[in-house]
Amino acid sequence: MRIATLDQFVAGHESGVRVHPEHTGFAYSDGESNERRLLSILRKVSDLSTGSTELASCIEDWVTEYHFTGSRANLLRHIPFEPAGRVLELGAGCGSITRFLGESGATITAVEGSLDRAQCARERCRDLANVSVYCGNFQDIAFESQYDVVTLIGVMEYSPKFFEGDDPIGACLAIARKALRPGGILVLAIENQLGLKYFAGATEDHLGNHYAGIEGRYPPKGVVTFGRGALEKHLRRAGFDNIEFQYPFPDYKLPSAILFDQGLGLDDFLADEIVRHMEERDYSGKHRRQIHSALVWPQLAANGLVGELSNSFLVVATLQSAGAAGLSDRRCLAVAYATDRARPYQTVTSFLRSEDGKIRVAKRRLHAGDTVTESALKFTPTDDIY
């Protein structure tokens, strides 16, 4: 298939998706019936926003939970996407993250290989003029080096399935690198091959087999994930010289908290207390509980291993040393979200090191414009010493 620029993609598809001129299909799907069901729901609802209670009421199984829950956005809420910025989302899926990115006001270019999934993404963002959805394998696209941020969220691990050559991971990262402007940021999310949940008896997220990842039993030309050290080597090999690891819990798919390196290993801050009661998910439904993770996290924290054994990584990286250091607030030790409750009571709690050296806890309403009308319940934002 020939390499095409985005302006060569064919417009006029009824969904508003622009399609690669030689697109013939893409072998990744949640199942055609599931994607048609998602599209049907998206076409019927009026509130498509990240925190939509209308979409939340349509959740009935894992597929609808994954694509409609507002918890997906917790992965990126702490990252300041500038309204004047340009974001390239590689592997947009059905548009949950696309929607969140679009709500930042930035100009979003979302690329998805599956036409069914691209249609869902376009429908999810139909009221956002700053979002454009393209259908094509991003290997077959010539991107301009113009993007402030490129995202690979749950995408890079599939490279061996879709990229030819001896270094599919390097080839995937090279595409992202080429699309970044000088000083631009890569945002990457991926499961940790050595995540604690796999030792505790959860099956490998992609293969559905126990211990397949931690034993390195990935099939040739199949999905592959990495531990922190190996992932960092791949990024450095691709030219990313400033790399910041962050740790979504219980994983990057449906995170309730993000821990930062500056919040780990401290005597006056117990990061493990934030995450140890968060139940890890086995998406195959075949969990064999061998150990109780809630008892293990404090032991890992005492030995400086929380980051190494977190179930997922969120990585921000840049080609220039000045870039990634300013992406996250270095005062922030951790951030936690409560999104499994009625929308007016959903909160974000930030743990911040203040100038006087003390740790302050700031709890805020997640959706600032929401008001509480029930007289029996009251929401009081707090800002206090940890």
Side-chain angles (χ1 to χ4, degrees), residues 49-53 56 69-83 85 100-101 103-106 185 187 189 244-252 254-279 294 297-298 301-302 306-307 310 312 314 316 324-386:
S49 68
T50 297
S52 170
T53 55
T69 178
S71 297
R72 291 282 303 283
N74 294 344
L75 181 69
L76 301 177
R77 291 186 195 275
H78 64 288
I79 296 178
F81 294 98
E82 297 296 332
F100 174 76
L101 293 170
E103 289 171 359
S104 73
I185 301 294
V187 176
E244 179 182 338
F245 277 81
Q246 303 171 7
Y247 311 101
F249 279 84
D251 60 32
Y252 85 84
L254 302 176
S256 295
I258 312 289
L259 302 187
F260 304 99
D261 272 328
Q262 60 266 23
L264 302 181
L266 301 177
D267 292 333
D268 60 345
F269 183 64
L270 302 178
D272 54 287
E273 282 297 324
I274 297 173
V275 303
R276 70 187 185 95
H277 296 297
M278 294 180 182
E279 192 74 18
W297 287 117
V306 169
S310 66
S312 295
L314 176 64
V316 293
L327 186 62
S328 64
D329 186 345
R330 300 300 294 179
R331 301 173 305 152
C332 190
L333 309 181
V335 60
Y337 299 94
T339 50
D340 56 346
R341 53 177 69 168
R343 177 172 160 140
Y345 300 97
Q346 293 179 8
T347 61
V348 52
T349 304
S350 301
F351 300 84
L352 302 162
R353 180 78 72 183
S354 58
E355 291 183 3
D356 61 8
K358 295 179 180 179
I359 300 172
R360 302 198 69 85
V361 183
K363 186 184 291 287
R364 298 288 182 267
R365 183 175 283 120
L366 186 60
H367 306 285
D370 286 3
T371 57
V372 176
T373 57
E374 295 89 343
S375 59
L377 298 173
K378 184 179 180 181
F379 177 86
T380 306
T382 58
D383 190 340
D384 210 342
I385 298 296
Y386 174 69

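Quick note: residue numbers are just sequence positions, from 1. Remember, it's a predicted structure, so these values are computed and weren't measured experimentally.
- Between the T69 side chain and the S71 main chain, a donor and an acceptor come within less than 3.5 Å of each other.
- In this structure a side-chain-to-backbone donor-acceptor pair under 3.5 Å is present from R343 to G51.
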Exercise for review: Given side chain to side chain donor-acceptor pair (under 3.5 Å), test T382 with K363 step by step and report yes or no.
Suggested key: CA-CA 5 Å; T382 58; K363 186 184 291 287; 5.8 Å; no
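- Annotation: side chain of R365 is not in contact with side chain of P381 (no heavy-atom distance under 4.5 Å).
- Ring geometry, Y386 versus F351: the interplanar angle exceeds 60°, so the pair is classed perpendicular (tilted spans 30 to 60°).
- Applying side chain to side chain contact (heavy atoms under 4.5 Å, CB included) to L101 and the options L76, T50, V187, I79 leaves one that passes, L76.
- F245 contributes atom CZ, which lies 13.0 Å from atom CG of L264 (distance to the nearest 0.5 angstrom).
- Using a 4.5 Å cut-off on side-chain heavy atoms (C-beta onward), L266 and L333 make contact.
- I258 CD1 to Y252 OH: the interatomic distance, rounded to the nearest 0.5 Å, is 12.5 Å.
- Y337 places a side-chain heavy atom less than 4.5 Å from the side chain of L366.
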Check your understanding: Run the side-chain contact (heavy atoms from CB on, under 4.5 Å) check on L75 and L314 step by step: do they pass?
Key -> CA-CA 8 Å; L75 181 69; L314 176 64; 4.1 Å; yes
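- Atom CG of L352 sits about 9.5 Å away from atom CD1 of I359, to the nearest 0.5 Å.
- Salt bridge status for R364 with D383: present, with a side-chain N to carboxylate O gap under 4.0 Å.
- Electrostatic pairing of R330 and D261 does not count as a salt bridge here, judged by no charged N lying under 4.0 Å from a carboxylate O.
- Between F249 and S310, the shortest heavy-atom contact is CZ-CB, 3.7 Å.
- The minimum heavy-atom distance linking L259 with A271 is given by the pair CD1-CB, 4.0 Å.
- Applying the 6.0 Å contact sphere to CG of D356 captures more than 12 heavy atoms from other residues, nucleotides or ligands.
- With contacts defined as side-chain heavy-atom distances shorter than 4.5 Å, the pair D329/R353 does not qualify.
- Distance CZ/F100 to CZ/F81: 6.5 Å, rounded to 0.5 Å.
- Although no hydrogens or angles enter the test, the distance criterion places a donor-acceptor pair under 3.5 Å between the side chain of Q346 and the main chain of R341.
- Nearest heavy-atom pair, Q262 versus C332, reported as atom, atom and distance to 0.1 Å: NE2-O, 2.8 Å.
- The two residues V275 and A257 make their nearest non-hydrogen contact at CG1-CB, 4.4 Å.
- Rounding to the nearest 0.5 Å gives a distance of 9.5 Å between CZ of R331 and OG of S350.
- The main-chain N or O of D251 is never found under 3.5 Å from a side-chain atom of S312 such that the two would form a donor-acceptor pair.
- Considering every non-hydrogen atom in both S256 and P250, the closest pair reads N-CD, 4.0 Å.
- When all heavy atoms of R276 and W297 are compared, the closest pair comes out as CA-CD1, 3.8 Å.
- Annotation: the span from L254 atom CG to N74 atom CG amounts to 9.0 Å, rounded to 0.5 Å.
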